[in-house]
Asker: 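Have a look at this one.
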Amino acid sequence: MGLKVTQIRSSIGTKPKQRGTLRALGLGRIGKSHVLPDKPEIRGMLAKVSHLVEFQEVAE
């Protein structure tokens, strides 16, 4: 099981920690997607930038 994460809003005007979290998730541009493992660490990162991304569960 994995999570497909897509950035839907710009990181302009956000705090540096939030921009760093997006980078750590493998994102950097609007519309970019990345499939990540479904781990508590990843879920916590998504919670911090939930207003910038959308995600859905996918079978790997």
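Residue numbers run from 1 in the order of the sequence given.
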Asker: To the nearest 0.5 Å, how far apart are CG in D38 and CZ in F55?
Answerer: 8.5 Å

Asker: Between K48 and E41, does any side-chain N to carboxylate O distance fall below 4.0 Å?
Answerer: no

Asker: With S11, which of L22, L27, I30, V49 fulfils side-chain contact (heavy atoms from CB on, under 4.5 Å)?
Answerer: L22

Asker: Give a yes or no answer on whether the side chain of Q7 reaches the backbone of G28 with a donor-acceptor pair at less than 3.5 Å.
Answerer: yes

Asker: Evaluate E57 against K4 for side-chain contact (heavy atoms from CB on, under 4.5 Å), listing each step before the verdict.
Answerer: CA-CA 6 Å; E57 294 183 4; K4 181 180 180 185; over 6 Å; no

Asker: Heavy-atom distance under 4.5 Å between the side chains of L3 and I42, does that happen here?
Answerer: yes

Asker: Go through the steps to decide whether V53 and L46 satisfy the test side-chain contact (heavy atoms from CB on, under 4.5 Å), and finish with yes or no.
Answerer: CA-CA 8 Å; V53 300; L46 291 174; 4.0 Å; yes

Asker: Working to the nearest 0.5 Å, report the span between CE of M45 and OG of S50.
Answerer: 13.5 Å

Asker: Do the side chain of H34 and the main chain of L25 share a donor and acceptor less than 3.5 angstrom apart?
Answerer: yes

Asker: Just verifying a value: how many Å separate T14 OG1 and R9 CZ, rounded to the nearest 0.5 Å?
Answerer: 10.0 Å

Asker: So T6 and K32, side-chain contact (heavy atoms from CB on, under 4.5 Å) or not? Walk me through it.
Answerer: CA-CA 6 Å; T6 305; K32 194 168 184 183; over 6 Å; no

Asker: When rounded to the nearest 0.5 angstrom, what distance separates CD1 in I8 from CD in E54?
Answerer: 4.5 Å

